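For reference, the structure discussed in these notes is given below.
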Amino acid sequence: MDKIKLIFSILFKLMLLFFVGSFLNVLLLKIIPVIITPYQTYNYIAGDGLTKDWVGYEDISPNFFRALIASEDARYYEHNGVDWEAVEEARVHNNKYPNKRRRGASTITMQTAKNTFLWHGRTYVRKALEVYFSYLTELVWGKQRILTVYANVVEFGTGLYGVEAASQKYFNKPASKLSKRQAALLVAVLPNPIRWNPAKPTNYINGRANTIMARMNSVRLEE
């Protein structure tokens, strides 16, 4: 009996430590830039290099945020981290068409949580933590900070992270000067930034960029 109590005591303390530690970490990153993420660390150790340059929300063209929302999360300002309506839509689609490419329901917030705090991989544990950090960042950071962090940690090529570094490499200009087309091209390659180059788009990427641009007009950024 004493051993059981000890085990529960240890588990409770570990859980408390995790929740307090994760909250403080998220709170700190509301103020300071994300220095490096677990995913970036892993790839750097693997030899991919590390090129990034943190910029604030005001130093990123609104075109990029509009393109991102238009492509990845049309209901971004309507959910609190997880779009359960999209989850249900994806479940129905995947059950109806099991032989087709599976549809995901990951929001911008969920992608930010994964890219900032977690590892990449398809496990229930990681997905549960992704949901937890999604709700936590929505609570502590708010929509604008989430967009800022996403834009700075997302991968755009081997060892290349963030919209500023990508804009400089592919278009030789700061992220603040991205045109509507350039922003759409950057977002269009995100499903596989290692395979595709926004500066040398394939017909497929050009088509994706055209679709994103058409949707951008209806996106209104909130303060």
Side-chain angles (χ1 to χ4, degrees), residues 18-19 21-30 32-46 48 50-52 54-55 57 60 64-65 67-91 94 101-166 186-196:
F18 168 75
F19 286 121
S22 60
F23 177 80
L24 291 176
N25 188 20
V26 171
L27 185 62
L28 183 64
L29 292 180
K30 181 179 182 179
I32 68 170
V34 178
I35 298 174
I36 194 169
T37 70
Y39 181 69
Q40 292 170 358
T41 301
Y42 174 83
N43 287 340
Y44 178 75
I45 293 173
D48 286 350
L50 183 63
T51 302
K52 61 189 186 72
W54 180 278
V55 287
Y57 184 87
I60 301 171
F64 178 78
F65 295 125
L68 181 63
I69 293 171
S71 174
E72 301 292 311
D73 191 356
R75 292 190 286 260
Y76 178 65
Y77 291 109
E78 300 172 23
H79 62 70
N80 294 317
V82 180
D83 187 348
W84 292 109
E85 184 177 341
V87 171
E88 178 61 17
E89 290 172 354
R91 185 191 68 80
N94 295 334
R101 181 180 178 181
R102 294 184 64 81
R103 179 182 295 178
S106 184
T107 64
I108 289 173
T109 308
M110 294 171 72
Q111 293 177 49
T112 305
K114 177 185 69 176
N115 290 336
T116 306
F117 301 106
L118 305 171
W119 64 96
H120 289 206
R122 296 180 180 276
T123 67
Y124 289 114
V125 173
R126 201 226 67 196
K127 202 64 181 178
L129 288 172
E130 184 179 306
V131 171
Y132 166 73
F133 276 107
S134 294
Y135 282 122
L136 186 58
T137 52
E138 286 272 350
L139 176 67
V140 178
W141 289 356
K143 296 293 186 180
Q144 190 177 104
R145 182 61 175 180
I146 290 169
L147 287 174
T148 303
V149 174
Y150 180 103
N152 279 283
V153 301
V154 65
E155 185 178 28
F156 278 108
T158 303
L160 182 70
Y161 302 93
V163 65
E164 177 67 19
L186 283 174
V187 172
V189 305
L190 288 180
N192 195 336
I194 305 301
R195 176 183 178 185
W196 294 313

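Predicted model, so just to flag it, every value in this text is computed and none were measured. All residue numbers refer to positions in the sequence shown, counting from 1.
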Going by heavy atoms in the side chains, are [X] and [Y] under 4.5 Å from each other?
{"X": "Thr112", "Y": "Met110", "result": "no"}
{"X": "Gln111", "Y": "Val154", "result": "no"}
{"X": "Thr109", "Y": "His79", "result": "yes"}

Exam field: side chain [X] to backbone [Y], donor-acceptor pair closer than 3.5 Å:
{"X": "Ser71", "Y": "Ala67", "value": "no"}
{"X": "Asp73", "Y": "Ile108", "value": "yes"}
{"X": "Asn152", "Y": "Thr148", "value": "yes"}
{"X": "Thr107", "Y": "Asp83", "value": "no"}
{"X": "Trp119", "Y": "Pro38", "value": "no"}
{"X": "Thr137", "Y": "Ser134", "value": "yes"}
{"X": "Glu72", "Y": "Ile69", "value": "no"}

State the CG-CZ distance between Asn25 and Phe18, to the nearest 0.5 angstrom.
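The CZ atom of Phe18 is 10.0 Å from CG of Asn25, to the nearest 0.5 Å.
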Would you give the length of the straight line joining atom CG of Leu160 to atom CD1 of Ile194, rounded to the nearest 0.5 angstrom?
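Nearest 0.5 Å value for the CG-CD1 distance: 8.5 Å.
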Using the ring-ring contact (aromatic ring centres under 6.0 Å, His included) criterion, which residues pair with [X]? Sequence neighbours excluded.
{"X": "Phe65", "answer": "Tyr57"}
{"X": "Tyr44", "answer": "none"}
{"X": "Trp196", "answer": "Tyr204"}
{"X": "Phe133", "answer": "Phe117"}

Heavy-atom pair of closest approach, residues [X] and [Y]:
{"X": "Val187", "Y": "Phe64", "value": "CG2-CE1, 3.9 Å"}
{"X": "Ala151", "Y": "Ile60", "value": "CB-CD1, 3.7 Å"}
{"X": "Ala166", "Y": "Leu186", "value": "CB-CD2, 4.1 Å"}
{"X": "Trp54", "Y": "Val34", "value": "CZ3-N, 3.4 Å"}

With sequence neighbours excluded, tell me which residues meet side-chain contact (heavy atoms from CB on, under 4.5 Å) with [X].
{"X": "Ile45", "value": "Thr41"}
{"X": "Asn80", "value": "Tyr135"}
{"X": "Tyr42", "value": "none"}
{"X": "Leu28", "value": "Ile32"}

Can you list every salt bridge (charged side-chain N to carboxylate O under 4.0 Å, His left out) pair that touches residues 125-137, not counting sequence neighbours?
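Every salt bridge (charged side-chain N to carboxylate O under 4.0 Å, His left out) pair that includes a residue of residues 125-137, provided the two are not neighbours, is Arg126-Glu130, Lys127-Glu130.
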Strictly by salt bridge (charged side-chain N to carboxylate O under 4.0 Å, His left out), give each pair with a member in residues 140-149 just once, sequence neighbours left out.
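For residues 140-149: Glu138-Lys143.
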I'd like to know whether Tyr132 forms a ring pair (Phe, Tyr, Trp, His ring centres under 6.0 Å) with Phe19, so could you lay out the CA-CA distance, the side-chain angles of the two residues, the decisive distance to 0.1 Å, and finally the verdict.
CA-CA 10 Å; Tyr132 166 73; Phe19 286 121; 5.5 Å; yes
Should Val153 and Lys52 be marked as a side-chain contact (heavy atoms from CB on, under 4.5 Å) after you check the CA-CA gap, both sets of side-chain angles, and the distance that decides it?
CA-CA 8 Å; Val153 301; Lys52 61 189 186 72; over 6 Å; no
Checking Tyr76 now: which residues fulfil side-chain hydrogen bond (donor to acceptor under 3.5 Å, both in side chains) with it, not counting sequence neighbours?
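Once residues adjacent in sequence are excluded, Tyr76 has no partner under the side-chain hydrogen bond (donor to acceptor under 3.5 Å, both in side chains) criterion.
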Hey, mind stepping through Leu50 and Ile36 against side-chain contact (heavy atoms from CB on, under 4.5 Å) and telling me if it holds?
CA-CA 9 Å; Leu50 183 63; Ile36 194 169; 3.8 Å; yes
Taking atom types as modelled and ignoring hydrogens, do the side chains of Thr116 and Tyr150 form a donor-acceptor contact shorter than 3.5 angstrom?
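No, no side-chain donor-acceptor contact under 3.5 Å.
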Listed once per pair and sorted, the side-chain hydrogen bond (donor to acceptor under 3.5 Å, both in side chains) pairs that draw on residues 153-166, sequence neighbours left out:
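Checked against side-chain hydrogen bond (donor to acceptor under 3.5 Å, both in side chains) - neighbours excluded - the pairs reaching residues 153-166 are Tyr39-Glu155, Asn43-Tyr161, Glu164-Gln168.
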With side-chain contact (heavy atoms from CB on, under 4.5 Å) as the criterion, how do Val140 and Leu29 come out once you've worked through the C-alpha distance, each side chain's angles and the decisive distance to 0.1 Å?
CA-CA 10 Å; Val140 178; Leu29 292 180; over 6 Å; no
